[in-house]
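What follows is a set of notes on a single structure, which appears directly below.
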Amino acid sequence: MSKFLELELNKIIETSNNNITITDEKGIIIRSNPEHWEIYGLEPGSYIGKSVYELEEEGLLSPSINAIVLKEKKFSRILQHTKTGRVVMSSGYPIFDKTGRLVRVVSYSQDQTEIWKLQEQYEQLQRKIQGYRTEVEDLREKELNHSIIARSNEMQQVLKTIQHVAKADATVLLLGSSGVGKSTFARALHNQSNRYREPFIEVNCSTIPESLFESEIFGYEPGSFTGANRKGKPGLIEQAEGGTLFLDEIGELPLVMQAKLLKVIQEKKITRIGGKEEKHINFRLVTATNQALRKMVEEGRFRLDLFYRLNVIPIHIPSLNERKEDIPVLIQHYVQKTNEKYNKLKKFHPSTYDVLTQYEWPGNIRELENLIERLILTIEETTIYPEHLPATVSEQTKQPDISPPLLVTQEIEEKRNLKETLEAVEIQLIAKACKECKTTYEMAKYLGISQPTVIYKLKKYKEHL
């Protein structure tokens, strides 16, 4: 090789952005650019004359691309993982002489660590995006639940049941006390069904006079009775075509109408008053009641065959008294909603939350919402305290004064500073609570502090108790 050609080759190798390594037919490194060997944990110049097999055994090349090409006698490309934690892409090319004998291997190695990290970040991002998609779907489900506030396990189970049965067209019977929001759950069921684009027709069976019930439910033809609309009128069942018919307070349905409703449920056909033509109606039936329908069946006030038709999937909506955990978030929700509605900036003091959480709420959510609206509109102060609550609430939730009397012992009298005195008093009160109460929850109520605080105090003063 001429002097100038060798200089050119050395400069090309030296200035390359890649790690160029040339080995002979035995794997001995004869040329390479020094800077790039740092990625393998080698000092510049320490590799010339070394065998790639030796470096491979030492774990510095994992594996050696030159060794692979020498073995396979063809172009190869691999990913290497170095001792320094780098990821290197290596490509090796064989060089043959005129006789076809492999005499040299030239390899190019490029540090791909940053690209590899970007690839990992990209994959993580893709997983996050998928997670966000799932979260968006969950949020959509929650939105379709029509702003149902549900933190308690009881309500979470109700929402899961609604989600499971929503896609089917089976008849659902919602059971629960007055004011628990059965109509809200019925709408959530409709919104999550395949019929959500179609009408949701709500009928309160207790508000329609018996004399008008049939014409309202089944509709009527023109001139069918005195005072009838000249064009006739489609009934509420007919208006539910393709959607959901929600019959609230189904227990108030007259016996005569129960028989006619049973026929509609069985045949999905209706005939308007004064008409002869039967119309096929495609609807999903959801009913609700706060009454014990089985007892009404036993008393002869509700048809047994209709009961079985309605009681396909019964879902019990717990009262507020059964899900105390939801009350604080419900209060917060309705306070915000009422403030926005009337352009107010009222807030409830934490002690007011405590009192309202202890209240039994016989009227459930309806009573809670009405009370919050009344307080925000009638109380002049910005913050609403327990004393602002109506007597019916405050009297029921009033707790007897069960704070243990403070005994000024000699130990307390001997304390010289406020901190030591307070600690001595705390120890005395907690010790008394330990004797009087069975659980940390009872102790929390006894002392007027939170249960986590009780646990903290017990750990703090365990040597004194």
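Residue numbers count from 1 along this sequence. The structure presented is a predicted model; accordingly, all values stated were derived computationally and were not measured.
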Stepwise side chain to side chain contact (heavy atoms under 4.5 Å, CB included) check, Tyr359 with Lys324: CA-CA 9 Å; Tyr359 182 55; Lys324 294 281 191 181; 5.7 Å; no
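- Checking each of Thr382, Val335, Ile376 against Lys344 for a side chain to side chain contact (heavy atoms under 4.5 Å, CB included) leaves exactly one that passes, namely Ile376.
- There is no side-chain donor-acceptor pair under 3.5 Å between Tyr461 and Gln428.
- Residues Asn321 and Trp361 have side chains not in contact (no heavy-atom distance under 4.5 Å, counting atoms from C-beta outward).
- Comment: Lys346 does not engage Glu381 in a salt bridge, judged by the lack of any side-chain N to carboxylate O separation of less than 4.0 angstrom.
- Panel note: side chain Asn364, backbone Arg366; no donor-acceptor pair is recorded below 3.5 Å.
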Tell me, with the steps shown, if Glu373 and Lys341 meet salt bridge (Lys or Arg N to Asp or Glu O under 4.0 Å). CA-CA 10 Å; Glu373 186 170 3; Lys341 181 179 178 180; 3.6 Å; yes
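- Here the side chain of Gln80 pairs no donor or acceptor atom with the backbone of Val88 at under 3.5 angstrom.
- Within a 6.0 Å sphere centred on CZ of Phe96, other residues, nucleotides and ligands contribute more than 12 heavy atoms.
- Looking at Asn33, its side chain does come within 3.5 Å of a backbone N or O of Ile20 through a donor-acceptor pair.
- Residues forming a ring-ring contact (aromatic ring centres under 6.0 Å, His included) with Tyr108 (at least two apart in sequence, or on another chain): Tyr93.
- Counting all heavy atoms, side chain and backbone alike, Arg323 lies closest to Ser152 at CB-OG, 3.5 Å.
- Counting only distance, with no hydrogens or angles, the side chain of Glu241 and the backbone of Asn282 share a donor-acceptor pair below 3.5 Å.
- Thr244 and Arg195 share no donor-acceptor pair across their side chains, judged by distance under 3.5 Å alone.
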Please test Ile162 against Phe185 for side chain to side chain contact (heavy atoms under 4.5 Å, CB included), starting from the C-alpha separation and ending with a verdict. CA-CA 8 Å; Ile162 287 177; Phe185 287 93; 3.5 Å; yes
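- Side-chain contact check for Asn19 and Thr21: at least one donor-acceptor pair (N or O, by modelled atom type) lies under 3.5 Å.
- With hydrogens and angles disregarded, no donor-acceptor distance shorter than 3.5 Å links the side chain of Lys50 to the backbone of Ile29.
- Proximity of a side-chain donor or acceptor of Thr352 to a complementary backbone N or O of Phe348 within less than 3.5 Å is not detected.
- Inspection of the Glu114 and Gln112 side chains reveals no N or O donor paired with an N or O acceptor under 3.5 Å.
- Remark: the backbone N or O of Asn66 is not paired with any side-chain donor or acceptor of Thr23 at under 3.5 angstrom.
- The neighbour count for Lys74 NZ, taken as heavy atoms of other residues, nucleotides or ligands under 6.0 Å away, does not exceed 12.
- Looking only at distances, a side-chain donor or acceptor of Arg284 sits under 3.5 Å from a matching main-chain atom of Ala168.
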Output, in order, the C-alpha distance, side-chain angles, deciding distance and verdict of side chain to side chain contact (heavy atoms under 4.5 Å, CB included) for Leu285 and Leu310. CA-CA 8 Å; Leu285 181 64; Leu310 301 181; 3.7 Å; yes
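- Around the CZ atom of Arg197, the shell of radius 6.0 Å holds no more than 12 heavy atoms that belong to other residues, nucleotides or ligands.
- Listed for the Lys432 side chain is no donor-acceptor partner under 3.5 Å among the backbone atoms of Ile427.
- A distance of 10.5 Å separates CD in Gln239 from CD1 in Ile281, rounded to the nearest 0.5 Å.
- The one candidate from Ile78, Asp111, Leu79 that meets the side chain to side chain contact (heavy atoms under 4.5 Å, CB included) condition with Met89 is Leu79.
- Between the side chains of Ser177 and Asn290, no donor N or O sits under 3.5 Å from an acceptor N or O.
- Atom NZ of Lys268 has more than 12 neighbouring heavy atoms from other residues, nucleotides or ligands inside a 6.0 Å radius.
- At a threshold of 4.5 Å between non-hydrogen side-chain atoms, the residues Val203 and Ile237 do not count as touching.
- Side chain of Thr453 to main chain of Ile449: no donor-acceptor pair is present (N/O by atom type, distance under 3.5 Å, no hydrogens or angles).
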